[in-house]
Every structure is written in C-alpha cells, then in structure tokens.
Asker: 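Structure provided below as structure tokens; questions to follow.
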Amino acid sequence: MVQYKQKNRSGGIILANKLVLIDGNSIAYRAFFALPLLNNDKGVYTNAVYGFTTMLLRILEDEKPSHVLVAFDAGKTTFRHKTFEEYKGGRQKTPSELSEQFPLIRQLLDGFGIKRYELESYEADDIIGTLSKQAAEGDWVVNVYTGDKDLLQLVTENVKVTLTRKGISEVEAYDLKQVEERYGLTPHQIIDMKGLMGDPSDNIPGVPGVGEKTAIKLIKQFGSLEQTLDSIDQVSGAKLKEKLSENKEQALMSKELATITHEAPIEVSLEDSVYKGYEPEQLLPLFKDLGFNSLLERIGGDTGQEMVSEEEKETIEFEEAKALNDKILSSPAALIVETTPETYHRAPVNGLAIVNENGKFYIPGDLALSSPEFKKWAEDESKEKYVFDAKRAYVALDWNDISLQGVKFDLMIASYLLNPSDSGDDVAVIAKRYGIHDTDGEEAVYGKGAKRKVPEISVLSEHMVRKANSIYVLQEKLTNELKKNEQYELFADLELPLSLVLGEMETTGVKVDVGRLQAMGRELTEQLNALEAEIHELAGVAFNINSPKQLGEILFEKLNLPPIKKTKTGYSTSVDVLEKLEGKHEIIRKILVYRQLGKLSSTYIEGLLKVVDQQTDKIHTRFNQALTQTGRLSSTEPNLQNIPIRLEAGRKIRQAFVPSTPGWKILSADYSQIELRVLAHISQDDNLMEAFKKEMDVHTKTAMDVFHVEMEDVTSQMRRHAKAVNFGIVYGISDYGLSQSLNITRKEAGEFIEQYLKTFPGVKEYMESIVRQAKQDGYVSTLMNRRRYLPEITSRNFNLRSFAERTAMNTPIQGTAADIIKKAMVEMERVLKEEKLEALMLLQVHDELIFEVPEHEIEKLSQLVPQVMESALGLDVPLKVDLNHGDTWYDAK
DNA sequence: GTGACCACGC
DNA sequence: GACGTACGTGGTCACA
C-alpha cells in the first residue's frame, strides 16, 4: 500500500523545515474554471474539489513538506475595505456551483490531516504573508502555491512562490532570480508596480493609462512608487506626467491595497501546520463519496475490480438453504440468479441468493431449479422481486423452464434512468456509486480473460448474497429518486416491462439458414482470393491488404499516389480517401471491393456462423438496455442492428435470416421519419408539421423550402443535400460533419444549416431554447422524462461545450423516438398475447420491428402492427409505419 | 491484452 | 482562430 510518509532526513543531517502554504481560494478558483463541471452520482459538483485534490497530491509528492497550511479568505469585507470601499467591487459573484464545493474542500483537507486557516477581515494572502515571514525568519524553506501573481511580492531568499499556469496542470516556480528575469524588479517592487498599474480584478484603480510596461519602466528608473511621484518632472512624456500628478493619492492608495501584510493577527503558530502524511483510510470514504475513482489508486485505495479487503468489509451472515420454505420465498425479496458474466443464453445457473425481511439466503442452483416451490414463487406475479438486470435473470431462468414474474425493481435499470452516463452491468460498481462498498465486482470474483473461472462456492455464495443485499438496501432509495425526478412511470411502466419483452425476443432468437450463409461465404472467399491475386499483381508485391500500414506504404510510397489524409500513425486508407484516388490507379477500385467483401466475409458470414446455436440454428443476440446515452438499445454477440442493407452485395446477407417454422414469413415494420416527426412535435414548427400532416416527402419539402423552388424543380442533388441536412439535424452533427458527408466545404455546410434554420424558425427556436434549458438544469429530457446530464455544457472549452450543445439538441429527439418504439414494443407484446396470436417479435433495429408470422396471421398483423406502433405516443403530427413481408428478412423490403 | 483503424447499421 | 466533431459493435493488425 502506498502511503505518504515524511521521508527520513538524509544521512541524519537535519535539514531546515519545509513549509508549503497554499492559497485555497485561488487554487479552487483555478481548478473550477479549468475543469468541466463534473458531478458525482448525487449531482454534487466536484470539479474544483477534484482539481484541488490532484494539485494537492502532486504538491505533497513533489515537495515532501514537513509543514503544510491552506489559507482561505474569510467573509466579504476586509481591512482593505476601510481604505477603499470599492475594493474588489464589481467582481462577479462566486458561482454557486463553486461556493458549494468549499465545504467539501475543507473536509478533504481534514481528511489529509492538513491544517487550514482563515481569519476575519483578512485575506488568504495576508495569512500567507504573515506565516511566510515568520517561517523565513526561522530559516525555514517556504513555497507558496497560488494562481495570483500579486503574491510574487513575498519572494525572498527563503521563500519561493509557485504560480499555476494554464489551468492547473502546469506550474511555474519563482525565486528571486526568476522574478528579476520576468519583471526586472525585486519582489518588493512588484507592489510599487501594482500601485501604478492597478489591478482590475481586485478593482484597484492605479494610475489610469499606465499598464505593466510603463509601470515597470518607471519603477526601474526611480526605484519605488514614492520616488517616482517625487520625481514626476523627470518623467518623459507630457501625458504621463499629467496622469501621474493627477492620480498621486490614488496610486499611493493602490499600493497600500496591493501590499500583503506580514503582521496579520493570526492565531496559528508555525508548529500548528505540521504535516505527518495522510492515512489512506481517512481519505477512502471521502474519495468514494466524491466519485474520485481514478484517484483511489494514487492514495492506495482499490479501483473497484480488486477484491474489497477483508478489513473493509463487515462480515455478512447468511444461511445456506437446505429446502425452500415460506421464510425464504417471501415478498418482497431481492433475488440474484447467478450466471457467469457475459452471455446468459444457455448459461448454467451458478446459484441463487435471496435477501428479504427474514434474512439472507444462499440457494444452491440445483435445489432452486428443481424445486416446484421455487418455480411457483418465481412465476407468481404477486411475489415482488428486486433484481439487478431483470432480463439476465429472466432469460437464465427461462432456459430452465421457469418464467420469472413480479419484478418490481431493477437496480441496473433504475441507475441507468437516473443517470445513463454512469450505468453499468456490475452490481458492485453501481452499489458503490450509491454508497455501498462491501460488494466485489464481477471481474474480481470471476477473473478476466484467460483467467476467468467460476470460483469456489464459498466465495461465490457470499458474493451473490452481498449483491442481493445491496439491491435490497438500495431499492427504496433509488425508487424515491425516480419518483422525485418524475421518472417512476418510465421505470415501472416502460423499461421494466420492456426487459421482459426483450428477454422473450432474445430467447426466441432468429433462425438462420446456415447452408445459405456458408454458400455465400464460399463464394466470397473465392472472389476475395481472386481479387487478392490481382491486387498483388498490380502492386508488384504480395502484402496484407487488411493492414492499413502495409496498404498505405504500397499506395503512397510504392505507387506514389497522393496521400490525401494522414492519421496519427501514418497514411489514412479510409473509403473517402480511396474514393478520391479512384481514377488514378486501377488498383484502387479493386481494393475498395476487397474491403467491402472482406467485411462481409469476416464480420457477417464468419461472425454470424460463430454465434449460431448448433442445436437449433438460431441466433440469440442480447439487447443492452442500460447502455446508450440516448435511450436507444444496443445489440451484442452478435450485433443484429447493423446487418448490411445499403449495398446489394451486403443486403443479401439478410437472405440467411429466415422464419423458424416452415411456411411462416418475416414481417418488418419501420417508422417513417420518426425523428423528424418527433422534432416537428417538440419544436411545433409550422412548416415542418405541415410537411407531415400533408404526408409530403420530407426531404423534397426541405429542398423546396431551403432552395426556394417548386416541387417539380427539385433536383436529385437538391434532395440529396436536403436529406443530409435533415440527417444532420437528427443526429446532431456539426457543419464539419455535414461537410464531410456531402463532400462540400465547411463554409457551404454552415450556410446550408443556416438556411435550413431560417426556413424552419420553430426548429431554430427549439434548438436555442433547449440549450438554454440544458444550461439551466444541467440535463435534457425526452417526452417520457428520460434524462441525459450534460455537465460540459457550461465548459469553457469550446469543443466540449459545442459537443454538449449539439447533444442537448439531439438527445430529446433521438431519445423520444426511442421512448416511442419501446412503448410500442411493450404494447405489441401485450396485444399479441391478448389476441392469442402465434406471431413472434424477434428484433428491434432502432426504428424498425421484425416479426416472424404464420401465413394466416399476415393479414391481421398488417393491420395490428401499424396501429399499435402509430398510436404508441400521441404526437401533434401523425406517426407513419411502413410494412413489408417476405420469405426472408431480405424479402421483407 | 490494448489501441488504432476501418466499416456496418440507425 | 483553434479545437475535432452522432452512437453503437466488431473485425483485423500491430504493438506490448
């Protein structure tokens, strides 16, 4: 364990005491403005605390001080206000986001065992001035850390001042020599300089018209402010002479204000600031609470995927169930169905855990899965269960012929809805965010990569009981937070039911025509071999076409083609680069085809064949319900949301996706322009709403309005551009992004966007108001109150801020579309059951639902599906669904 | 194992 | 004027 301890004095020689004085307010300010507005899981801002902490850790490591003291300003008025009432007047009020962090900084310093001090009527500077003088007189070595150049006046033989530069990441130490180099003045003359030039940030007037250059020149010439004022007649320049004599008094007062006192009536002694090193145990809970996970390691804490050490864990008492009775199978109960992390399809159940008001129980897998009592309890809707990742539990049990019902709380989903940015699939990680630290992460228990294995049962049983206990303990807290955010309906009526729907879709799986896939694979391999030979022939040498590095060398060095774009590591060989080279060499076309076919072969043929269930020829994807920042689902192992469609060669892959029962059909229903319809609704833009109400082609309509032409005069080029702009609006891309996708200049792209917003003033108004709202609230919401926090929207970093602004505009659109289709899915599943239909919902691809349907239900479904989807959520514009069916997914177009 | 690069979908 | 620009998943290569 790394622990900071005062180092032994070398060779027994006692060196001078070393005192570090920190200007607390100044460093906190710097940190606050340098870092984006981070917050922890409780919504408390922590950026200043974080910056302060990293700085402090570095100071302690670099300086290894024997004494440390952090000085703070106290109150608003100081003795300087008696001299000059407007001292520090006109200063912007400290933002509340910062002031609320000061108590945390104080707590943190206490945790470090570092003395802090503030004194009524005095500023931090004065405390530092007084202590540094005392220390220097005692022959101590002093280093002052601040962001304020004024403190340079304190530099002496023994006292250094270290200034923060550029944010907080860089610092610069000033001793006598460096002050001289920088200003050509002694530290004491800094005050004279200030008297002349003033300081706008403190509202110190100085002499108007005199800036740093003139001030330094005068002080160099005459030695001090007083001597300058005594010798005004020797000053060169009539204007300057006049200014100086007019503002004598003001200059003297300014000097007084800028002078840091060495005589503050402080009640601390140097010895009070003794620093003995910190105890990691004191800091761990603070850091965890603040969410400083990256700093835990630096102070010798755990990173989350190491076992929580035994001392930190309270022992947990639990019972191993020998038989299942009402005491164990009561309600409500937290339930863990333990499966080895990763895929849960056909996964063995490693055991179960239940925590309820009667106690904590570990239940061996065999016992539960073979127990009729357990099945009855699990399937009983009225027995309330609290879980983590309901779908995992649901599917794992479903493979064992148990249909889990009555899930009333899912910790994973709840945490995701409260804040999608710190979601996760690990109980421990989420529990920690909410203050529970005794649960190990999955990786710590199971190991990772090659080392993954199911641990011995004593470890595993305790692990699952701890997880169940975390859920049990956190249920109320998160439920309350959801209610407070008005997200409980989203949670209970949408996402929870959806997880069961998704679970059913996943277990149902999609049938694949393996023979067909293999045949396509063979054909592709032949084509690839032929192409490879031709490419090598044209290049004059055999090389790996899949290696961007080798390909780049061949194209741009051997064949001397012009390198259009570079990447960090070499030449770019991406599609848009190759397309620009297409006319220049016949090898290019072949490489493009090789790339396209190679992708199909490796990702889609081989990739899919790898995950086909050998017994049933079905593919069971997993939908991740708690991952994307917008509320969309994602799909893994395999990803069935990116099966090719645009290019015919790729689209053919879809021919391998077939119904699981002979004679059935694949039916696909996709929302037409759902995001733009949502945008029309949210923005209430008349023009856009009209397009949908009149059922116009929205891209054509956009082209007509943006280019001011009649419908029949819209060229395909215009429509393509309009479509790209609409696309950009929906996905929140920038002018740069648009310029890339249309291969036009950024300026032109910017003009397009501007023209678009002129045409749709309601949209413009929406874009502006949503950004304002995001700045005010810190988050944006969808129609169903899904949230996304955007702390960076107040960042002073242009990039971070712009990105957050585009996100603010885009997330309510994309997220509401996600809400709508999710709602339709829940409703659809209900209707299928209610109508006793055999048809099965198989997949969701963001704006599209895929079903397999018996022939005789096609007609019924063709009516029901659009009806359900179009009425999922009432908008002020109609929703429209396009429907297709066929023998394979390919044919459902 | 990890990061860079590339490519597929919405 | 620079900054480095939708969100995902997954394959391959090349490095350690």
Side-chain angles (χ1 to χ4, degrees), chain A residues 420-421 443 448-452 543-552 565-578 591-592 594-608 610-611 621-624 627-647 649-651 653-654 670-676 724 726-741 746 749-750 788 792 795-811 813-815 817-818 821 843-848 889:
Chain A
S421 73
E443 212 171 83
K448 69 169 178 178
K451 287 188 202 139
R452 167 145 293 179
F543 68 101
N544 185 343
I545 307 166
N546 282 323
S547 160
K549 191 167 164 241
Q550 294 185 29
L551 180 60
K565 202 163 67 176
K566 287 210 147 201
T567 65
K568 248 186 272 185
T569 48
Y571 308 108
S572 169
T573 63
S574 60
V575 183
D576 52 310
V577 170
L578 294 186
I591 289 168
L592 282 166
Y594 184 89
R595 276 260 177 88
Q596 195 198 335
L597 300 185
K599 173 81 180 174
L600 292 179
S601 170
S602 68
T603 305
Y604 294 105
I605 305 283
E606 287 166 39
L608 287 175
K610 249 188 270 179
V611 292
T621 185
R622 282 178 299 140
F623 290 106
N624 197 333
L627 185 141
T628 71
Q629 300 304 298
T630 54
R632 277 185 172 185
L633 301 173
S634 75
S635 157
T636 53
E637 265 189 288
N639 180 355
L640 292 185
Q641 291 181 320
N642 71 343
I643 303 299
I645 189 163
R646 281 162 201 213
L647 301 171
R651 191 172 194 152
I653 300 283
R654 295 180 174 225
D670 65 288
Y671 281 109
S672 157
Q673 306 297 348
I674 187 167
E675 281 101 350
L676 289 174
N726 280 329
F727 182 86
I729 298 283
V730 165
Y731 288 112
I733 62 174
S734 56
D735 51 359
Y736 175 86
L738 182 64
S739 72
Q740 291 295 301
S741 69
R746 189 170 152 176
R788 181 174 186 177
E792 288 170 344
S795 170
R796 279 141 304 272
N797 177 320
F798 176 85
N799 281 321
L800 294 178
R801 188 176 65 248
S802 303
F803 182 54
E805 286 172 357
R806 293 203 301 277
T807 308
M809 302 176 204
N810 160 251
T811 296
I813 302 172
Q814 209 183 103
I821 193 163
L843 296 173
Q844 187 250 45
V845 191
H846 307 309
D847 64 353
E848 176 186 16
W889 192 4

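Keep in mind that this is a model prediction, so the values were computed, not measured. Proteins come first, then strands; the chains are lettered A, B, ... in the order of their sequence lines, and each starts at number 1.
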Asker: What's the gap between C/dT5 and B/dC6 when it is taken at their P atoms, as a whole Å value?
Answerer: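 Roughly 14 Å separates the two P atoms.
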Asker: Across the strands shown, which category fits A/Asn624 at heavy-atom distances under 4.0 angstrom: base, sugar-phosphate, nothing?
Answerer: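 Contact class for A/Asn624: none.
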Asker: Starting at atom NZ of A/Lys566, determine the distance to atom P of B/dA4, rounded to an integer number of angstrom.
Answerer: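 Taking NZ of A/Lys566 and P of B/dA4, I get 17 Å after rounding.
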Asker: With sugar-phosphate meaning primed atoms plus P, OP1 and OP2, does A/Leu600 contact a base, only sugar-phosphate, or nothing at under 4.0 Å between heavy atoms?
Answerer: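 If one applies the 4.0 Å heavy-atom cut-off, A/Leu600 turns out to touch nothing in the nucleic acid.
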Asker: Could you tell me how far B/dG9 sits from C/dG4 if I compare only their P atoms? Round to whole Å.
Answerer: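 One P to the other, the span is 29 Å.
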Asker: Can you work out whether A/Phe798 or A/Thr807 has the more 5'-proximal nearest nucleotide on DNA chain C?
Answerer: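 Of the two residues, A/Phe798 wins.
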Asker: So what does A/Ser802 touch, heavy atoms closer than 4.0 Å: a base, only the sugar-phosphate, or nothing?
Answerer: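 Nothing: the residue A/Ser802, judged by heavy atoms under 4.0 Å, touches no strand.
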Asker: Take the protein atom CG of A/Asn642 and the nucleotide atom C1' of B/dC8, then report the distance between them rounded to whole Å.
Answerer: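 After rounding, the reported distance stands at 5 Å.
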Asker: Does any non-hydrogen side-chain atom of A/Trp889 lie less than 4.5 Å from one of A/Leu843?
Answerer: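 Side chain of A/Leu843 against side chain of A/Trp889, heavy atoms only: contact under 4.5 Å found.
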Asker: Look only at the side chain of A/Ser635 and the backbone of A/Leu640, and say whether a donor-acceptor pair between them is shorter than 3.5 Å.
Answerer: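 Here the side-chain-to-backbone pair exists.
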Asker: May I have the distance from A/Gln629 (atom CD) to B/dC10 (atom C1'), rounded to whole angstrom?
Answerer: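 Atom-to-atom, A/Gln629 to B/dC10, this comes out as 17 Å.
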Asker: Taking CG from A/Leu647 and P from B/dC8, how many angstroms apart are they, rounded to a whole number?
Answerer: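 Value for this atom pair: 7 Å.
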Asker: Could you tell me the separation between the CG atom of A/Asp670 and the P atom of B/dG9, rounded to a whole number of Å?
Answerer: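 Atom-to-atom, A/Asp670 to B/dG9, this comes out as 15 Å.
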Asker: Any side-chain heavy atom of A/Thr621 sitting closer than 4.5 Å to one from A/Phe623?
Answerer: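 Side chain of A/Thr621 against side chain of A/Phe623, heavy atoms only: contact under 4.5 Å found.
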Asker: Return the value, rounded to whole Å, for the distance between atom CZ of A/Arg632 and atom C1' of B/dG9.
Answerer: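 My rounded result for the distance is 9 Å.
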Asker: Quick one: does any side-chain atom of A/Arg654 pair with a main-chain N or O of A/Pro644 as donor and acceptor, under 3.5 Å?
Answerer: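 Here the side-chain-to-backbone pair exists.
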Asker: When we call it a touch if two heavy atoms are under 4.0 Å apart, what does A/Val730 touch: a base, just sugar-phosphate, or nothing?
Answerer: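 Result for A/Val730 = nothing.
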Asker: Contact class for A/Asn810 vs. all strands (heavy atom < 4.0 Å): base, sugar-phosphate, or nothing?
Answerer: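 Here A/Asn810 touches no strand at all.
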Asker: Side chains of A/Ser741 and A/Leu738: closer than 4.5 Å at any heavy-atom pair?
Answerer: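 Side-chain contact under 4.5 Å: yes.
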Asker: Nearest-Å distance, CD1 (A/Ile605) to C1' (B/dC8)?
Answerer: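 The answer, rounded to whole Å, is 14 Å.
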Asker: Determine the contact category for A/Arg746: base if any of its heavy atoms lies under 4.0 Å from a base atom, sugar-phosphate if only primed atoms, P, OP1 or OP2 are that close, otherwise nothing.
Answerer: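 Base contact.
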Asker: Applying the Watson-Crick and G-U wobble criteria at under 3.5 Å, what pairs with C/dC13? Answer none if nothing qualifies.
Answerer: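 Answer to the pairing question: B/dG3, which forms a Watson-Crick or G-U pair with C/dC13.
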Asker: Quick check on DNA chain C: between A/Asn639 and A/Gln550, whose nearest nucleotide comes earlier from the 5' end?
Answerer: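 Its nearest nucleotide lies further toward 5', so the answer is A/Asn639.
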Asker: For a quick check of understanding: with a heavy-atom distance under 4.0 Å over all strands, which category does A/Glu637 fall into, base, sugar-phosphate or nothing?
Answerer: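 If one applies the 4.0 Å heavy-atom cut-off, A/Glu637 turns out to touch the sugar-phosphate alone, with no base involved.
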Asker: Remember a base hit wins even if backbone is also touched, and classify A/Thr603 as base, sugar-phosphate or nothing at under 4.0 Å, heavy atoms.
Answerer: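 The answer is sugar-phosphate, as A/Thr603 gets under 4.0 Å only of primed atoms, P, OP1 or OP2.
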Asker: Give one of base, sugar-phosphate or nothing for A/Arg595, where a contact means two heavy atoms less than 4.0 Å apart.
Answerer: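 Since only primed, P, OP1 and OP2 atoms lie under 4.0 Å of A/Arg595, the category is sugar-phosphate.
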Asker: Without decimals, in angstroms, what is the distance between A/Phe727 CZ and B/dG9 P?
Answerer: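 Rounded to the whole Å, the gap is 11 Å.
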Asker: Checking A/Arg632 against A/Glu675 for the salt bridge (charged side-chain N to carboxylate O under 4.0 Å, His left out) test, could you report, in this order, the C-alpha distance in whole Å, the side-chain angles of both residues, the deciding distance, and whether it holds?
Answerer: CA-CA 12 Å; A/Arg632 277 185 172 185; A/Glu675 281 101 350; 3.4 Å; yes
Asker: With heavy atoms of chain A within less than 4.0 Å as the criterion, where does contact along DNA chain C begin and end?
Answerer: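 Answer, 5' to 3': C/dC3 to C/dC15.
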Asker: State, without any angle test, whether A/Arg801 and A/Ser795 hold a side-chain donor-acceptor pair at a distance under 3.5 Å.
Answerer: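 A/Ser795 and A/Arg801 do not have a side-chain donor-acceptor pair below 3.5 Å.
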Asker: Any side-chain hydrogen bond (donor to acceptor under 3.5 Å, both in side chains) involving residues 595-605 of chain A? Give me the pairs, sequence neighbours left out, ordered by first then second residue.
Answerer: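 Sorted pair list: A/Thr573-A/Arg595, A/Ser601-A/Glu606, A/Tyr604-A/Asn642.
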